[in-house]
Amino acid sequence: MAYWLMKSEPDVYTIDELEESGRDIWRKPIRNYQVRNMLRDDMKVGDEIFFYRSNCKEIGISGIAKVASGPYPDPTQFDNKSHYFDEKSSKDNPRWISVDVEFVRKLSRTITLAEIRAEKSLEGMILTRKGNRLSVTPVNEKHWHKILSLE
DNA sequence: GCCAACGTTGGC
DNA sequence: GCCAACGTTGGC
């Protein structure tokens with residue numbers, strides 16, 4: 001059982017949308033090989049996820065979700081009208097995957113990136129590492145509980 | 001809107 | 001296989 005942090009911009013996908021559907025494909029398409037490999041090889045059904053809001057006014061963790069399926073081909077890669085269309089991908093040999101996620105709960109407030117940075121015991125999180133650009137990162141158990149204790 | 005930092009592409 | 005040019009991410 002592992003923990004993850006997954007980023008999405010509010011204009012693409014939010015915790016509120018996941019709450020509404022209850023369970024859904026992770027709607028922020030992954031287009032990074034390192035992230036794809038983590039989803040494919042390391043992410044397991046039942047793993048817990050921090051839902052992180054990036055590229056917006058209030059940056060931080062807004063809720064909790066759970067991995068609800070194994071990896072499967074991300075449909076947007078085949079959709080030539082989608083911004084995420086990938087002409088080099090085929091149904092026989094899909095390049096990009098996603099997983100289903102299940103709503104767990106919203107946090108009572110957003111735990112901001114600034115707070116996370118300020119917290120000494122959260123040093124070493126991949127999230128706050130200089131130059132990190134991964135939209136999905138593993139979170140260790142200590143960090144997971146520490147962040148929840150800030151809520 | 002700016003820009004640092006990184007990933008990807010493609011010519012050679 | 002190198003690397004310059006370009007694209008993207010995402011905080012500020």
Side-chain angles (χ1 to χ4, degrees), chain A residues 2-21 24-43 47-67 71-101 103-140 142-151:
Chain A
Y3 301 99
W4 303 92
L5 182 144
M6 298 179 76
K7 295 184 180 181
S8 176
E9 301 146 55
D11 48 339
V12 177
Y13 188 38
T14 65
I15 187 78
D16 297 296
E17 291 171 83
L18 178 58
E19 181 177 30
E20 215 167 290
S21 69
D24 199 359
I25 187 170
W26 179 255
R27 282 199 224 159
K28 167 83 175 109
I30 304 300
R31 292 293 181 272
N32 171 289
Y33 290 106
Q34 225 179 315
V35 171
R36 180 200 67 182
N37 295 350
M38 282 194 288
L39 258 61
R40 187 186 61 199
D41 304 333
D42 303 326
M43 200 174 258
D47 285 358
E48 292 190 88
I49 301 162
F50 280 142
F51 200 123
Y52 179 92
R53 299 184 14 194
S54 66
N55 220 340
C56 60
K57 221 166 191 183
E58 201 182 23
I59 299 162
I61 296 165
S62 56
I64 298 176
K66 227 188 228 182
V67 178
Y72 61 93
D74 165 10
T76 63
Q77 70 193 307
F78 307 126
D79 176 2
N80 60 13
K81 274 170 262 152
S82 167
H83 171 69
Y84 294 98
F85 177 64
D86 184 346
E87 60 174 10
K88 289 181 184 156
S89 185
S90 68
K91 292 209 172 173
D92 293 339
N93 191 16
R95 183 180 281 195
W96 305 110
I97 54 174
S98 190
V99 296
D100 284 347
V101 295
F103 177 77
V104 175
R105 68 180 181 91
K106 280 196 245 186
L107 297 192
S108 56
R109 64 181 192 87
T110 299
I111 298 173
T112 65
L113 177 61
E115 279 177 84
I116 292 169
R117 282 196 197 285
E119 180 59 51
K120 198 100 208 239
S121 60
L122 294 175
E123 265 177 25
M125 282 190 74
I126 297 170
L127 174 71
T128 49
R129 239 175 244 172
K130 191 178 176 186
N132 165 57
R133 296 176 56 200
L134 301 176
S135 61
V136 177
T137 53
V139 175
N140 77 34
K142 251 189 202 162
H143 292 160
W144 176 273
H145 292 300
K146 179 67 201 178
I147 287 170
L148 283 182
S149 78
L150 298 175
E151 183 184 5

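Per chain, numbering begins at 1; letters A, B, ... match sequence-line order.
- Using a 30° and 60° split on the angle between ring planes, A/F51 and A/Y13 fall in the tilted class, from 30° to 60°.
- First and last contacting nucleotides of DNA chain C toward chain A (any atom under 4.0 angstrom from a heavy atom, 5' to 3' order): C/dG7 to C/dC12.
- Of the listed residues (A/Y3, A/W144, A/W4), just one forms a ring pair (Phe, Tyr, Trp, His ring centres under 6.0 Å) with A/F50, and that residue is A/W144.
- When heavy atoms are screened at a 4.0 angstrom cut-off, A/K88 is found touching the sugar-phosphate backbone but no base atom.
- Using a 4.0 Å heavy-atom cutoff across all strands shown, A/R53 reaches no nucleic acid atom at all.
- Listed by chain and number, the residues in a side-chain hydrogen bond (donor to acceptor under 3.5 Å, both in side chains) with A/E151 are A/R105, A/S108 (sequence neighbours excluded).
- Ranked by how close their nearest DNA chain B nucleotide is to the 5' end, A/Y33 and A/N55 are led by A/N55.
- Under the 4.5 Å side-chain criterion, counting only non-hydrogen atoms from C-beta, A/M38 is not in contact with A/Y33.
- Under 4.0 Å is where a charged nitrogen must lie from a carboxylate oxygen, and between A/R109 and A/E115 at least one such pair does.
- Residue contacts shown for A/L134 are limited to sugar-phosphate atoms, with no base heavy atom under 4.0 Å away.
- Looking at A/W26 and A/S8, their side chains come closer than 4.5 Å, going by heavy atoms from C-beta outward.
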